[in-house]
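In what follows, a structure is listed as structure tokens, so that the remarks can point back to it.
Computed from a prediction, not measured in an experiment: that's the story for all the values here. Sequence positions, counted from 1, serve as the residue numbers for this chain.
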Amino acid sequence: MELWNVYDQYRHMTDRIHKRGEDMKAGDYHLVVHVWIINDDGQFLIQRRQPWKIGFPNMWDCSAAGSAVLGDDSEQAAVREAKEELGIDLDIEKGERLFTVKFSQGFDDIWLVRQNVAIEDLHLQEEEVAEAKWASEAEIREMVGTGEFIPFNYLDLLFEMATSSITLKKASVDDADELLALQKEVFMPLYKKYNDHETSPVTQTMERFSARFDRGDYYKILFEGTLAGSVFVYEKSPGLMRLHIINVLEKYHNKGIAQEAMKRLEIMYPEAEAWELDTILTEERNCYLYEKMGYKRTGDTKVINNDLTIISYLKETNLNKIISL
């Protein structure tokens, strides 16, 4: 008997448990993962479902997939499914949760893991998997066209992100020293420009900075594998996400990094019904970016000193979301 944790529409875990095979109640959700393994040659490890599988029998699928069982988080579920279905130890440290699809009964986390695996080293789960092989993007697209591969509606986005120069990697408190130093480097010019001794990220203590890792999600922004910036987000209230701070080092400006990071965050948190952020009134470049991304000024302001005023933005419409298959 397989048991699932039950979540609400905002991905908050409830204290209820669901038994697989029973009908889920309206408004209840569970956690699902789809794992796509890509090798150094840009090929994807795919599996063919057994002909007796319910749902897309005998069709080709991603590397591994399944529901998170009781007590699993997303990473643990991805690792477990890869082990059960393929017999491999997934190197989740080389993985990235690209986005999440919110469907009628759950949240489906889509993982991309960069890992080389020999086909002869696989141990396929007979009950689930008929065979496995490596396939290129072109081959997968051809199989979709012939009806052999599950026609996921996010494949274009998956392939685009798999070859992107930009990666969002979840950070931990172990990264605090590096990320605080990056934050101070990014904000030092603004600190000097506005003489902001009250609110500037430059003056933040390590104690306050480290507390972020308990409050929300901190991501390293990598450009071509090198740390180029960071972004911190958290849930301010059910359905409202706050983009608290985004840092991009000056030498990585004008590469579309901040814009791409903001787009990705929206598809990583489909439970969000709105996003908010603050910025400096006179930093026209930042204001232009946020307004280009669909944020609207709320009219709320906070005067820090004669030179510095903070304004608030909110985005409630045209959020980037992926429609379920």
Side-chain angles (χ1 to χ4, degrees), residues 4-5 7 9 11 29-39 42-47 49 55-56 59-69 72-86 88 90-115 117 128-129 132 134-137 140-141 143-144 149-170 217 219-222 231 233 241 260-272 319-325:
W4 300 338
N5 291 108
Y7 296 79
Q9 63 178 321
R11 197 168 174 163
Y29 297 82
H30 72 291
L31 179 60
V32 178
V33 295
H34 276 75
V35 180
W36 295 80
I37 300 174
I38 185 172
N39 64 17
Q43 298 173 309
F44 295 87
L45 182 61
I46 60 174
Q47 60 157 279
R49 299 163 65 85
F56 305 105
M59 293 186 71
W60 287 91
D61 197 351
C62 63
S63 308
S67 297
V69 298
D72 268 354
D73 62 20
S74 184
E75 289 190 10
Q76 291 168 330
V79 171
R80 180 180 50 77
E81 289 294 338
K83 186 68 172 180
E84 289 180 357
E85 296 184 6
L86 303 175
I88 65 172
L90 193 67
D91 190 353
I92 201 67
E93 287 299 312
K94 295 181 180 177
E96 177 186 6
R97 180 169 67 90
L98 296 181
F99 47 82
T100 296
V101 180
K102 184 179 180 183
F103 61 101
S104 60
Q105 295 181 329
F107 295 93
D108 188 357
D109 288 345
I110 312 301
W111 285 88
L112 180 71
V113 180
R114 301 183 185 277
Q115 186 170 347
V117 180
E128 302 272 347
V129 185
W134 290 101
S136 66
E137 174 186 335
I140 293 174
R141 290 188 183 278
M143 284 190 284
V144 171
F149 201 101
I150 298 175
F152 296 108
N153 61 355
Y154 60 71
L155 284 178
D156 287 344
L157 180 61
L158 170 74
F159 294 142
E160 176 186 336
M161 295 178 74
T163 58
S164 173
S165 299
I166 300 170
T167 301
L168 295 187
K169 184 168 180 60
K170 185 77 173 290
D217 296 330
Y219 296 93
K220 296 180 180 180
I221 304 175
L222 306 179
V231 60
V233 300
M241 289 294 294
E260 180 65 21
M262 292 171 70
K263 286 181 180 178
R264 292 196 186 186
L265 288 167
E266 289 183 15
I267 58 176
M268 291 172 71
Y269 297 88
E271 64 271 26
L319 294 172
N320 293 303
K321 295 181 184 292
I322 300 171
I323 305 300
S324 178
L325 176 66

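A cation-pi contact, defined as under 6.0 Å to the ring centre and within 45° of the axis, is absent between Arg141 and Phe44. In this structure, Arg49 is not positioned above the aromatic face of Phe56 in the sense of NZ or CZ being under 6.0 Å from the six-membered ring centre and within 45° of the axis.
For Met143 against Ala135, the heavy-atom pair with the smallest separation is CE-CB, 4.3 Å. The shortest non-hydrogen separation linking Lys321 to Ala272 is NZ-O, 2.8 Å. The shortest non-hydrogen separation linking Trp4 to Ala68 is CD1-O, 3.4 Å.
Asn153 has its side chain out of reach of Leu155: every pair of non-hydrogen atoms, C-beta onward, lies at least 4.5 Å apart. Counting heavy atoms from C-beta outward, Leu98 and Trp111 have side chains that stay 4.5 Å or more apart. Side-chain contact check for Arg80 versus Asp72: some heavy-atom pair is nearer than 4.5 Å. Side-chain contact between Leu31 and Ser74: present, with at least one pair of heavy atoms (C-beta onward) separated by less than 4.5 Å. Between Leu45 and Asn39 there is no side-chain heavy-atom pair separated by less than 4.5 Å. With contacts defined as side-chain heavy-atom distances shorter than 4.5 Å, the pair Phe107/Val32 does not qualify. By the 4.5 Å heavy-atom criterion applied to side chains, Val33 and Ile110 are not counted as neighbours. Residues Arg264 and Glu96 form a side-chain contact, since some pair of their non-hydrogen atoms from C-beta on lies under 4.5 Å apart.
A donor-acceptor pair under 3.5 Å links the side-chain atoms of His30 to the main chain of Gln105, judged by distance alone. The main-chain N or O of Asp73 is found under 3.5 Å from a side-chain atom of Gln76 such that the two form a donor-acceptor pair. A donor-acceptor pair is defined here as one N or O able to donate and one able to accept, closer than 3.5 Å; no such pair exists between the side chain of Gln47 and the backbone of Ala132.
Lys102 and Asp109 are not joined by a salt bridge, as no carboxylate oxygen comes within less than 4.0 angstrom of a charged side-chain nitrogen.
Partners of Lys170 by side-chain contact (heavy atoms from CB on, under 4.5 Å), not counting sequence neighbours, listed by chain and number: Asp217, Tyr219. Under the side-chain contact (heavy atoms from CB on, under 4.5 Å) criterion, Ala65 pairs with His34, Cys62, not counting sequence neighbours. Legend: residues meeting side-chain contact (heavy atoms from CB on, under 4.5 Å) with Gln115, ordered by chain and number and at least two apart, are Ile37, Leu90, Asp91, Val113, Val117.
Taking CD1 of Ile38 as the start and CZ of Phe159 as the end, the distance is 9.0 Å to the nearest 0.5 Å. Distance check, rounded to the nearest 0.5 Å: OH of Tyr7 to OH of Tyr29 gives 14.0 Å. The line from CD1 of Ile150 to CD1 of Ile140 is 11.5 Å long, rounded to the nearest 0.5 Å. Atom CD1 of Ile166 and atom CE of Met161 lie 9.5 Å apart (nearest 0.5 Å). Note that CG of Asp156 and CG of Leu158 are 9.5 Å apart. Values are rounded to the nearest 0.5 Å. A distance of 7.0 Å separates OG in Ser136 from CD in Gln43, rounded to the nearest 0.5 Å.
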Q: Check the pair Val231, Met262 against side chain to side chain contact (heavy atoms under 4.5 Å, CB included), reporting the backbone distance first and the verdict last.
A: CA-CA 9 Å; Val231 60; Met262 292 171 70; over 6 Å; no

Q | side chain to side chain contact (heavy atoms under 4.5 Å, CB included) assessment of Leu157 paired with Ile322 | A | CA-CA 10 Å; Leu157 180 61; Ile322 300 171; 3.7 Å; yes

Q: Kindly indicate, with the supporting measurements, whether the criterion side-chain hydrogen bond (donor to acceptor under 3.5 Å, both in side chains) is fulfilled by Gln9 and Glu271.
A: CA-CA 7 Å; Gln9 63 178 321; Glu271 64 271 26; over 6 Å; no

Q: Check the pair Arg97, Leu112 against side chain to side chain contact (heavy atoms under 4.5 Å, CB included), reporting the backbone distance first and the verdict last.
A: CA-CA 6 Å; Arg97 180 169 67 90; Leu112 180 71; over 6 Å; no

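Ring planes of Phe152 and Trp36: perpendicular class, angle over 60° (limits at 30 and 60°).
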